Amino acid sequence: MDRFSAIDNLKGVGEKSRKLFEKLEIRTLDDLLTYYPRDYRKFEEPVQIRKLQSGQTVAVLAQALRPLTVQYVKRMQITTAQLGDGDGAVMARWFRMPYLKNTVHPGQWYVFYGKISQKGANLVLDQPEIYQPAQYEELQKALQPVYMLTKGVTNHMLTKLIRQTMESVDLSRDFLPSEVRERYQLAEYDYAMEEIHFPRDEHHLKLARERLVFDEFFLFILAIRAWKEQTSELENPFPVEADPLDDIISRLGYQLTGAQQQVWKEIRQDMSGKSTMNRLIQGDVGSGKTIIAFLAMILAARNHLQSALMVPTEVLANQHYEAFTRLTIQQGLPIQAVLLTGSMTAKQKRAAYEKIAAHEADVVIGTHAVIQEKVVFDRLGLVITDEQHRFGVRQREALGEKAGKMPHTMVMSATPIPRTLAVILYGDLEISTIDELPSNRIPIRNCVVNTSYRKKAYDFITKEVQAGHQAYVICPMVEESEMIEAEDVISYTEKLKTELPAQICVEYLHGKMKPKEKNEIMQRFLENQIQVLVSTTVVEVGVNVPNATVMMIENAERFGLAQLHQLRGRVGRGGDQSYCIMINGSENGQNQKRLDILNRSNDGFYIANEDLRLRGPGELLGVRQSGAMEFKIGDIYADAQILKNAGKEAERIRREDPELLQEPHRDLKKRLEIYMRNELKNLSL
Ligand SMILES: Nc1ncnc2c1ncn2[C@@H]1O[C@H](COP(=O)(O)OP(=O)(O)OP(=O)(O)O)[C@@H](O)[C@H]1O
């Protein structure tokens, strides 16, 4: 067995688990080994009951003071216990676990491990795990890995299989040249693998992580460079006449910003240049990336090329399709666009496929899955996609095969990374940054307030709606939950319908709705038939309703800063003063501090950096922080120094031994080939 064997070679993995693991994209032993924990649990010393505070996750050494009781609330069994440690008492409760009544014996000591929350005037211990004291002491000795799971796969299953894999695969060969390892005092590979999954303590974990982050960046940089070298040798199969499209731009109704003009120039040069375009366009929320994509598609169409624009959601696909069609009609352009999304009927899809194959459609706008599988193009010359769904080398080759030749590609990113880091990752070429907002923008006014401010916020929303504007209200949950105290879209909509004047139309939107329903709601919101849209974060990416001027976010403390910044970016997109009201639903001072960063600034780069400064890199173990670039373990901000080191070494090796022929680079060469074959898929430009 080697590390690229399929996981069904492991004991205990049959057809059923193979399918489950597939959902986590775990197919080979290597996938399993690099399925790093998303977090680690440390079992701290038990805390005395009288010292408990709401919000903590703690262990309590206690006895049940009397037999447990089981009650039914809305058909759900809730088991409760009164726990005491001789000095204080607290209630514990479990949902859907009535059997605990027979397994937790009054008078015996257990360790209860769970989260403390406030219930009315009292504290409760929610859903605690239960351990024998000796067992708990054993657990305290090490950090426990916590993996991202899916239904049917438990943490225990993953832990066991990873252990089994480590015992059956030889990890002792280290592909990193020892010279590099020594220069940065990086841990050895087998040690790093052991300690990342089963760390003895935080110190060992840190060393392991540093090594693996280095690997990840190092291989990425080497692979991207090698791949670029290969592709830049290919001649541009679809050279275009670099028409600046001045006729179209002059009729847009606004001036392109300097940054947009610059990026547009770079794209034109690429598409008319010697080799195929491969460009990353980064721009902060609302910086006007869409029109740039549209211009590129129009340029392609004028040169008899088809283009595909792929976006992550149907709502966005519809939005772009409509905006593009509006533009072509307004300007009288003879360019045909078709929409292609999962919720279209088979007949509609077939009609679209036929138009695409016959080159009656110049532009295809849709969600990813559809376009990747079925569509046959006549002459696909340009593919535009977003950062999360960028094409891998292999997918691109497949597309290229389908189209006969490799199309030009553009990747749009709304989570811009600083140029210094982007250059290390991608080299100096092919990154465009739109670092300027349209001049008609008025900075968004922000406030962070507590729940007592709600009444005022509703009055404010009413006033804005009466002035002809619209508002979003974001809640973290879809439905009410017994377990989590946070606002939910469904009850909140009901509440708002009674709180706001009757003539204001309030509707909701969430990810569990059918695509067709979502599209309808978005369409009505766009047409101002709905004035207040209560939504989960499904509106986070790309939604563009310039008439909306208020973004109210409930339980703002539950969202990451990058996410809040994206949400806020849904307003302030037209020429009107816009507002963002963040409701902080917790009393925790740290949350307030974090939210204050957004309060102070509307600049995405600044926010990402401050977020990092506040948390400190030390706290980032296993936690994805920035949302920028999907690395498995590395975080370009938190690990910027490692990224720089990896970049330096990669450049040196490429200079000194470009073909990796020297003896110390032999294993590296092999590893890189495998990486380019298997892993570059999500990271390639
Ligand atoms: N130069 C400009 N001047 C004025 N308005 C502009 C300009 N460029 C784009 N816009 C308008 O700004 C709004 C936001 O643009 P767009 O939707 O392209 O943003 P984006 O960069 O895609 O942002 P996000 O990442 O938030 O989706 C649109 O309504 C668009 O018509």
Side-chain angles (χ1 to χ4, degrees), residues 245-246 248-265 267 279-298 309-313 315-328 330-331 365 384-390 410-417 432-444 469-470 472 474 522 525-528 535 537-549 551 562-576 578 580 602-605 607-608 627-628:
L245 304 184
D246 287 337
I248 292 168
I249 293 171
S250 67
R251 283 180 280 154
L252 282 178
Y254 52 78
Q255 284 250 311
L256 291 187
T257 61
Q260 282 171 317
Q261 288 176 25
Q262 173 61 28
V263 172
W264 173 226
K265 193 167 120 200
I267 292 169
R279 186 166 283 278
L280 174 69
I281 315 281
Q282 359 182 45
D284 204 350
V285 280
S287 59
K289 295 182 285 293
T290 312
I291 187 65
I292 299 297
F294 287 2
L295 289 173
M297 299 197 294
I298 295 171
L309 170 63
M310 288 180 281
V311 293
T313 64
V315 163
L316 263 189
N318 275 306
Q319 178 184 298
H320 285 324
Y321 173 73
E322 299 223 337
F324 187 79
T325 313
R326 229 177 8 251
L327 180 72
T328 52
Q330 263 167 15
Q331 302 229 1
I365 297 177
I384 304 177
T385 179
D386 64 295
E387 183 177 35
Q388 261 97 48
H389 301 89
R390 58 178 58 179
M410 249 164 82
V411 174
M412 314 290 271
S413 162
T415 42
I417 55 176
S432 298
T433 307
I434 309 183
D435 51 3
E436 185 184 349
L437 292 180
S439 59
N440 65 345
R441 294 289 157 76
I442 307 170
I444 297 170
H469 297 304
Q470 290 161 278
Y472 297 93
I474 306 295
M522 259 338 279
F525 188 58
L526 189 63
E527 289 167 6
N528 199 0
S535 173
T537 54
V538 287
V539 299
E540 183 187 339
V541 243
V543 168
N544 189 38
V545 181
N547 190 46
T549 53
M551 168 59 71
Q563 206 177 13
L564 288 168
H565 180 59
Q566 282 291 332
L567 284 169
R568 172 170 66 184
R570 296 314 108 212
V571 298
R573 298 171 82 86
D576 299 302
S578 295
C580 178
N602 292 323
D603 174 347
F605 285 109
I607 290 164

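These numbers come from a predicted model, not from an experiment. Read the numbers this way: they start at 1 and go in the same order the structure lists the ligands and their atoms. Just so it is clear, the values below take in all heavy atoms, side chains as well, and ignore hydrogens, waters and symmetry mates.
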Enquirer: How many angstroms lie between CD in Gln260 and CG in Leu437, if you round to the nearest 0.5 Å?
Expert: 9.5 Å
Enquirer: Kindly compute the distance separating CH2 (Trp264) from CD1 (Ile281), expressed to the nearest 0.5 Å.
Expert: 10.5 Å
Enquirer: Which of the listed options, Gln566, Lys289, Arg573, holds the heavy atom that is closest to atom 17 (O) of ligand 1?
Expert: Arg573
Enquirer: Against heavy atoms of Thr290, which atoms of ligand 1 measure under 4.0 Å?
Expert: 16 (P), 17 (O), 18 (O), 22 (O)
Enquirer: Spell out, as yes or no, whether a donor-acceptor pair under 3.5 Å connects the side chain of Asp284 to the backbone of Gly604.
Expert: yes
Enquirer: How far is atom 2 (C) of ligand 1 from its nearest protein heavy atom, and which residue and atom name does that atom have?
Expert: Tyr254 CD1, 3.2 Å
Enquirer: Any heavy atom of Met412 closer to ligand 1 than 4.0 angstrom?
Expert: no
Enquirer: Give a yes or no on whether atom 9 (C) of ligand 1 lies under 4.0 Å from any heavy atom of the protein.
Expert: yes
Enquirer: Between the main-chain N or O of Val543 and the side-chain N or O of Arg570, is there a donor-acceptor pair closer than 3.5 Å?
Expert: yes
Enquirer: At less than 4.0 angstrom from any non-hydrogen atom of Gln255, what atoms of ligand 1 do you find?
Expert: 1 (N), 2 (C), 3 (N)
Enquirer: Between Gly286 and ligand 1, does any nitrogen or oxygen pair lie at a separation below 3.5 Å?
Expert: yes
Enquirer: Is a donor on one side and an acceptor on the other found under 3.5 Å between the side chain of Arg568 and the backbone of Ile444?
Expert: no
Enquirer: Which of the atoms of ligand 1 are close to Thr257, meaning less than 4.0 Å from one of its heavy atoms?
Expert: 1 (N)
Enquirer: What part of Asn544, side chain, backbone, both or neither, has a heavy atom within less than 4.0 angstrom of ligand 1?
Expert: side chain
Enquirer: Out of all atoms in ligand 1, which are within 4.0 Å of some heavy atom of Gly288? Include the element for each.
Expert: 9 (C), 15 (O), 16 (P), 18 (O), 19 (O), 20 (P), 21 (O)
Enquirer: If the contact criterion is a heavy-atom separation under 4.0 Å, does Arg441 count as touching ligand 1?
Expert: yes
Enquirer: How does Gln260 reach ligand 1, by side chain, by backbone, by both or by neither, if only non-hydrogen atoms under 4.0 Å count?
Expert: side chain
Enquirer: Does ligand 1 have any atom that is closer than 4.0 Å to a heavy atom of Ser287?
Expert: yes
Enquirer: Could you grab the distance from atom NE2 of His320 to atom OG1 of Thr325, nearest 0.5 Å is fine?
Expert: 12.0 Å
Enquirer: To the nearest 0.5 Å, what is the distance between CG (Leu564) and SG (Cys580)?
Expert: 7.5 Å
Enquirer: Distance check, rounded to the nearest 0.5 Å: Ile384 atom CD1 versus Met310 atom CE?
Expert: 9.0 Å
Enquirer: Which heavy atom of Leu567 sits nearest a heavy atom of Met551, and at what distance?
Expert: O-CE, 3.1 Å
Enquirer: Backbone, side chain, both or neither: what part of Arg570 comes under 4.0 angstrom of ligand 1, heavy atoms only?
Expert: side chain
Enquirer: Would you say Gln261's side chain and Leu256's backbone share a donor-acceptor pair under 3.5 angstrom?
Expert: yes
Enquirer: Among all protein heavy atoms in this structure, tell me which lies nearest to atom 6 (C) of ligand 1, with the distance rounded to 0.1 Å.
Expert: Pro438 CG, 3.7 Å
